[in-house]
Amino acid sequence: MSFRNAPLAVSRDQDQSALFNAEIRAAIDALIAKYPPEWKQSAVMPALTLLQDSNGGWLTTELMDALAVYLDMPEVAVYEVATFYGMYDLTPQGRHKVCVCNSISCLLNGSEELIEHIEHKYGVKPGETTADGRFTFKEVECLGACRHAPAVLLDKTYHEKLSPESLDRLIDGLE
Amino acid sequence: MTDKLTIEIDGRACEATPGEMIIAVADREGIVIPRFCYHQKLSIAANCRMCLVEAEQGGRPFPKPVPACATPVGNGMKVWTRSPKAIEAQQGTMEFLLINHPLDCPICDQGGECELQDVAMGYGDDVSRFVERKRVVKDEDLGPLIATEMTRCIHCTRCVRFCAEIAGVRELGATGRGEEVRIGTFVAHAVTHELSGNVIDLCPVGALTSKPYRFTARAWELTARDGIAPHDSVGSNLRLHVRGQRVMRVHPRDNEAVNETWIADRDRFSYAGLDSLDRLTAPLLKEDGVWRTVDWSEALTRVAERLKSADPAETGWLMAPNATLEECYLAARIARELGCPHIDHRLRQQDFRSDDADPLVPWLGLPIAELEVQRCVLLVGSDLRQEQPLLAHRLRKAVLDGAQMICINPIRLDLNHPARQIVGTPAAMIADLAAIAKRLGVSATGALKDCIAVSEPGDEHDMAADCLSRMGEQGRGLILLGALATAHPDFSLLKALAHAIAEASNCRIGYLPAAANSVGAYLAGAHPQRLPGARPTDQPGLSLGGMLAAPRRTLVLWGLEPDRDLGNPAGAMAAFDKADFVVACSAFRSPSLERVADVLLPIGAFAETSGTFVNAAGLWQRFQGAVPPPGEARPGWKVLRVLGNLLDLKGFDYRDGAQVRDELAALCADAVIDNAVRGEFPLTNGPTESALMRIGPVPIYALDPLVRRAPALQQMTMPGSAFGVYLHPDQAADLGLNAGDTVRLTQNEATATAQVILDDRVPMGCARIPSGVAGSEGLGDQIGPISLARLTESDTGERR
């Protein structure tokens, strides 16, 4: 048996149709259908995104456990995915997420300046949420937008070639 | 096309099989390649990068060094493990691995036997170029067996792969990314797998170490002695690490045919029981109810006098099934030469009706490694993972390879692989087997015929019968009878059905022997109907059941605690109380022994005596004592030798234990270990039925006196181990009971009180009440009718 080739399916007695709600179940089922039946667990990433969005931008251990049951996966395998990727958050978040790229091209083109600007102007360190709960400030690894560095991911939208002023305008537009 | 190819490693031509990895070939050739994540028994991860080597294929060099563990060989491939390029790559990897590894070798348990330390000596630099802060990782509590120091972890993921692939429970994982990677459970919980201790051996650094051994010794102070595990019937090969006169820890010794490279936690951590405070260290004599320490000659003279003057027809000998072959043989000799044929080792069996028909030596039926190639396994009455952890691992491999497993049990098992579980009352187990027999067209007579006639096969029985006969034809079908079958009130009926099914489906039949030397006890003659060499006798003695029904006047108890090691502790204590004279040879004192015995003789426990165990597959494994027994205690076979001489028996002048073994081996020369039945199973009535049946499996860490005294194992919270009444929620509702209620349990005269625990793995009509644990002493048969009555507040108040 290989750990790599054969996904380790864990079948439990728990009733899968009682998890989440009908709408989310249907959405996850649609994701599962994209993969071969024995690779049900491939849907873990989009499903985590779905659950995170439905839970105010962060994932609880209970949600991850429930997804593990739903996808017949070991719980720890879901934790591994959720902790590996920067786009999953495991603590309560602000209403929006401002993610500033801290990788090489962006750094060279002024993302350090953006980071300092946010820290000073809004009084938040990376990983913290503003006092009014408006946004959570995150430093993230390469966003893959090096061509127009520095880049910022605002919720789900890329914004490129930013200066502190243009970033301020974006943040001002947030509710 | 040839199935072999040739590669060249460091200028040496090596033969390899297509698909093999470079490192496997190098290992076979004795060429050293450093590695951390690669392990022969685990899947390939290639994440430590320590085994980088330079290679070329077809005259074209690989553009960069390749990991030897994950690069398959190709014909004509050339590999350099010590070239400047390879060494540079290995040194580079080493430098990265050491960046975050603490320099705490002086206080690390792994120091001196650390793979990282060793490899760092060869490939590491003297001075670190890393001036930034090292990371620190919070430890996780993985339970009483495994100590963690996760800052030392180098993320080889061997432990993660072991849990997923071998243990079959993915409890550990690597969470986080980059510098934030941590190995752990993420949500803190103890690892409660029966093979978990193996991660200690697998860990190449000091991140996972043995908690009981922690800070007690240094690797270079220890002397390794070979040993054989004294618990389950696998006979795992051990290396006992000894300092002075104390076993400090136990490691596995590789033996592909027996335990591969693993051992169960029970075998690894039970040594701690040797240091128990209730070790018996001098012979004791009870006079007017007071124990007095005496010397050996006085104690043995008294025993010899009493045995000589006792009526042999009224005497009985009971041997623990993990007594050594030599002990069993000498005890059987003494008993029979004194004219007493009443000797038995089947302590947890209650139905002895089929003694005349039983196989001469019930055994596994095939070599242990062959379990892996079975294609259909019918498991009858066995909590396999708790009883025989490493046989469970072999069968798991078979199932993952496509075999079907069908379990007929009175409890639903927590298995780490797919299986069809047919769960029912003890009577239902018989009906289920009968239904399978009916589908296979078994023709029978008497009670068996009635039993089969009334059965109503369902889909699952059809499926089982079909699978057994298909795989039986290919010679890859197997029926196994476990400890819960042995303890079954209608064991003979189960056996009759199992043998009939085996015959009808051409499957093999196997017994899962209860303990390390159960098979040996048959061979040694510690059985009322077997002479040494497993020869049948025409003067059969009484079985354990017979001895309890007709209490003995004189008794010899060997290596057992009467209220824990017998299937019916209350019945046994009552019968032993009636004896005039009881000699107990034991490594430990216990209240129950002090109550029934008149003389206590201290014998060496595991690791303190030489001896031989015959494992489930009939393999004789001899071992030497690793440490001397404490105080005045002596190896059991020596005690019996002196006793034989004091009784003026001939031929007791053994020079050493090996001579005893050789004498028995000569008697066993033509003994055929075979599970063939020797006659009709005498079946008189249908299955035992009752409104509520007790199911009393022995929890994994309650198997024998040594395990019960190993502190770390006793702290483990294995499922179903705690004493209590485990009831199905519906059953509890029917009885008007709730979780946490205190109930009085009654089995004939035997009573005990326990708390109700709800557990949907217990079928309706059954109450799971563990045996062999504290609280169970007052109860009767492991499997048998029981009644429950709720104790009200006032009842419990009165009791207090």
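Each chain gets a letter, A, B and so on, in the order the sequences are listed, and its residues count up from 1.
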### Task
Please list, chain by chain and in numerical order, all residues satisfying ring pair (Phe, Tyr, Trp, His ring centres under 6.0 Å) with Tyr38(B), sequence neighbours excluded.
none

### Query
Between Arg170(B) and Glu80(A), is there a side-chain N and carboxylate O pair less than 4.0 Å apart?
yes

### Query
For Leu172(B), is it the side chain, the backbone, both or neither that has a heavy atom under 4.5 Å from a heavy atom of chain A?
backbone

### Heavy atoms of other groups near Tyr88(A) OH, more than 12 under 6.0 Å
yes

### Task
Check whether Glu171(B) gets within reach of chain A through its side chain, its backbone, both or neither, counting any heavy atom under 4.5 Å.
backbone

### Message
Please classify the contact between Ala77(A) and chain B as side chain, backbone, both or neither, with a heavy-atom cut-off of under 4.5 Å.
### Response
both

### Message
Atom CG of residue position Asp459(B) - does it have more than 12 heavy atoms of other residues, nucleotides or ligands inside 6.0 Å?
### Response
no

### Query
Any chance CZ of Arg177(B) has more than 12 other-residue heavy atoms, nucleotides or ligands included, within less than 6.0 Å?
yes

### Query
For Glu113(A), does the CD atom sit with more than 12 other heavy atoms under 6.0 Å from it, leaving out its own atoms?
no

### Message
When you compare the side chain of Phe186(B) with that of Leu90(A), does any pair of heavy atoms fall below 4.5 Å?
### Response
yes

### Task
Would you confirm whether Thr83(A), through its side chain, and Gly176(B), through its main-chain N or O, come within 3.5 Å as a donor-acceptor pair?
yes

## Note on the structure
Honestly, the part of Glu141(A) sitting under 4.5 Å from a heavy atom of chain B is side chain

### Task
Output every pair passing ring-ring contact (aromatic ring centres under 6.0 Å, His included) with a member in residues 137-170 of chain A, not counting sequence neighbours, ordered by first then second residue.
none

